[in-house]
J.: 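Let me begin by handing over the structure; questions about it come next.
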Amino acid sequence: MSTDYGNFHNFCRDSTLPVCNLFSEALDKGGSGYGGCALTGIPLSGDRRLRNLGVILLDGLAILVTLILLWRSQRKRAAVGRREIQLFLLGYIILSICEIFTIGGFPLNNTVRIAFTGAHLGIITATTWMLMLNGVVGYQVLNDGSFMSILLLFGSAAALLVGTGYIALDTGYNWTGYFNTAQIQQNPNRSYALYTLYLLAPLVFLFIYGCLETYLVLKILGEIKPMLFLLLAALFFAIGQVFDFVISVHICNGVGGKIDGSLFQTLFTLLAVIMVWIFWSSITEDDWPAVAPGEEPYQGALDMEHRPHTAQL
């Protein structure tokens with residue numbers, strides 16, 4: 001692993017990361033590779049290979065599972081942050097689609113793969129940002145599901161997506177050369193901007209989300225059980241990162257390049273997203289309180305027709 005800020009060489013040598021498609025040493029860009037264990041995958045016609053079939057299959061599963069979670073979220077009419085969590089899930093679906101073509105090793109023209117890589121890096125930053133803002137929603141600073149709440153969440157995430165995506169594309173295509181100034185000849189795999197936006201910023205966003213939700217659940221709602229789901233989400237995510245950044249090279253060498261840690265990173269990230277959704281679901285109402293026949297609905301129920309509530313709030 002690299003300890004040199006902005007340097008991706010050791011990461012790309014030991015792991016399968018989307019950002020590695022952008023640098024001059026990438027095989028798809030005519031480089032010599034990063035010197036580590038290369039995924040061999042499944043041979044296809046014309047000297048092509050499907051290098052990471054396991055990741056492609058798991059991403060397909062992730063898309064299917066997330067669509068089910070979107071449908072389940074739609075049915076929770078009284079849930080706080082229903083629209084906001086759906087935006088996060090949509091972001092994860094886009095991320096999974098991009099992952100098929102970036103680290104999944106699906107045979108592509110290099111120009112197209114760089115485009116998917118730019119979208120992939122941008123959506124990683126934007127999706128973790130949306131999750132962080134989901135942690136703010138429970139405090140009802142703005143009415144959840146309102147036009148202003150959705151606009152702020154979607155607009156700010158879109159700005160991060162476009163900004164990060166542009167930097168990635170400019171790095172890969174070298175449109176202006178501006179973001180290649182850090183890639184000196186001694187280290188062509190350095191990018192300060194992408195190191196910050198792709199590696200560090202998402203970790204900060206996730207940490208803030210965890211802190212916000214922990215305070216909400218323990219101090220405001222006075223609950224303990226939902227914390228189990230939040231802790232499992234954090235644990236699964238951490239395990240996935242360990243597989244990706246630490247164990248990957250050992251797996252790859254041990255099986256002759258058939259698979260590496262990216263397979264397990266994809267699996268455990270999916271499990272983490274499922275746990276995040278279960279955590280959100282566990283602290284929200286499924287539907288409006290029932291009113292017995294012949295009874296007048298109480299004022300709280302009338303209010304909830306206009307603004308969803310969290311059960312414990």
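Quick note: residue numbers are just sequence positions, from 1.
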J.: Does any N or O in the side chain of S281 come within less than 3.5 Å of the main-chain N or O of W277, such that one atom is a donor and the other an acceptor?
T.: no
J.: Which pair of non-hydrogen atoms, one from S248 and one from S15, has the smallest distance, and what is that distance?
T.: OG-CA, 4.1 Å
J.: Run through D260, L17, D244, I247 and flag the one making a side chain to side chain contact (heavy atoms under 4.5 Å, CB included) with Q265.
T.: D244
J.: Closer than 3.5 angstrom, by distance alone: can the side chain of T284 be matched with the main-chain N or O of A79 as a donor-acceptor pair?
T.: no
J.: Would V162 and L152 show up in the same hydrophobic cluster when neighbours are defined by side-chain heavy atoms closer than 4.5 Å?
T.: no
J.: How close do L230 and G210 get, heavy atom to heavy atom, and via which atoms?
T.: CD2-O, 4.1 Å
J.: Decide yes or no on ring pair (Phe, Tyr, Trp, His ring centres under 6.0 Å) for Y195 and F8, but give the supporting numbers first.
T.: CA-CA 8 Å; Y195 200 93; F8 282 98; 5.5 Å; yes
J.: On a heavy-atom basis, which atom in I114 and which in N21 lie closest, and how many Å separate them?
T.: CG1-O, 4.1 Å
J.: Grouping I, L, V, M, F, W and Y whenever their side-chain heavy atoms are under 4.5 Å apart, do F268 and L228 come out in a common cluster?
T.: yes
J.: Between the side chain of R48 and the main-chain N/O of P107, is any donor-acceptor distance below 3.5 Å?
T.: no
J.: For S146 and N143, indicate whether the former's side chain and the latter's backbone hold a donor-acceptor pair under 3.5 Å.
T.: yes
J.: Show the nearest heavy-atom pair for residues V217 and P226, with the distance to one decimal.
T.: CG1-CB, 4.2 Å
J.: Using a 4.5 Å cut-off on heavy atoms from C-beta on, say whether the side chain of Q74 contacts that of R82.
T.: yes
J.: Are any side-chain N or O atoms of Y178 and backbone N or O atoms of D170, one a donor and one an acceptor, separated by less than 3.5 Å?
T.: no
J.: Fit a plane to each ring of F245 and F11, take the angle between them on a 0 to 90° scale, and name the class: parallel (under 30°), tilted (30 to 60°) or perpendicular (over 60°).
T.: perpendicular
J.: Applying a strict under-4.5 Å side-chain criterion to I, L, V, M, F, W and Y, I'd like to know whether I220 and I208 cluster together.
T.: yes
J.: Y209 and L131: which non-hydrogen atoms are nearest, and at how many Å?
T.: CD1-O, 2.9 Å
J.: According to the disulfide bond (SG atoms under 2.5 Å apart) rule, which pairs have a member within residues 37-134, sequence neighbours left out?
T.: C37-C252
J.: Check the surroundings of atom OH in Y166: do more than 12 heavy atoms from other residues, nucleotides or ligands lie under 6.0 Å from it?
T.: yes
J.: Show your working on side-chain hydrogen bond (donor to acceptor under 3.5 Å, both in side chains) between D144 and S149 and close with a plain yes or no.
T.: CA-CA 6 Å; D144 60 280; S149 175; over 6 Å; no
J.: For N7, does its backbone N or O pair with a side-chain atom of N189 as donor and acceptor, under 3.5 Å?
T.: no
J.: With no hydrogens and no angle check, is any side-chain donor or acceptor of S282 less than 3.5 Å from a backbone partner on F279?
T.: yes
J.: More than 12 heavy atoms of other residues, nucleotides or ligands under 6.0 Å from CD1 of I224: yes or no?
T.: no
J.: Ignoring hydrogens and geometry, is there a side-chain-to-backbone donor-acceptor pair from S262 to T16 under 3.5 Å?
T.: no
J.: Taking all non-hydrogen atoms of both residues into account, name the closest pair between G118 and L169 and its distance.
T.: CA-CD2, 4.0 Å
J.: Is there a chain of hydrophobic side chains (I, L, V, M, F, W, Y, each step under 4.5 Å between heavy atoms) that links L121 to Y192?
T.: yes
J.: Kindly say whether Y34 contributes a backbone atom to a donor-acceptor pair with the side chain of R13 at under 3.5 angstrom?
T.: no
J.: Please answer: with hydrophobic residues joined when any side-chain heavy atoms are less than 4.5 Å apart, are L235 and V242 in the same cluster?
T.: yes
J.: Please check: side-chain N/O of R113 versus main-chain N/O of F106, any donor-acceptor pairing under 3.5 Å?
T.: yes
J.: Is it the case that the ring center of F101 lies less than 6.0 angstrom away from the ring center of F116?
T.: yes
J.: Regarding T111 and Y173, is there a side-chain donor-to-acceptor distance under 3.5 Å anywhere?
T.: no
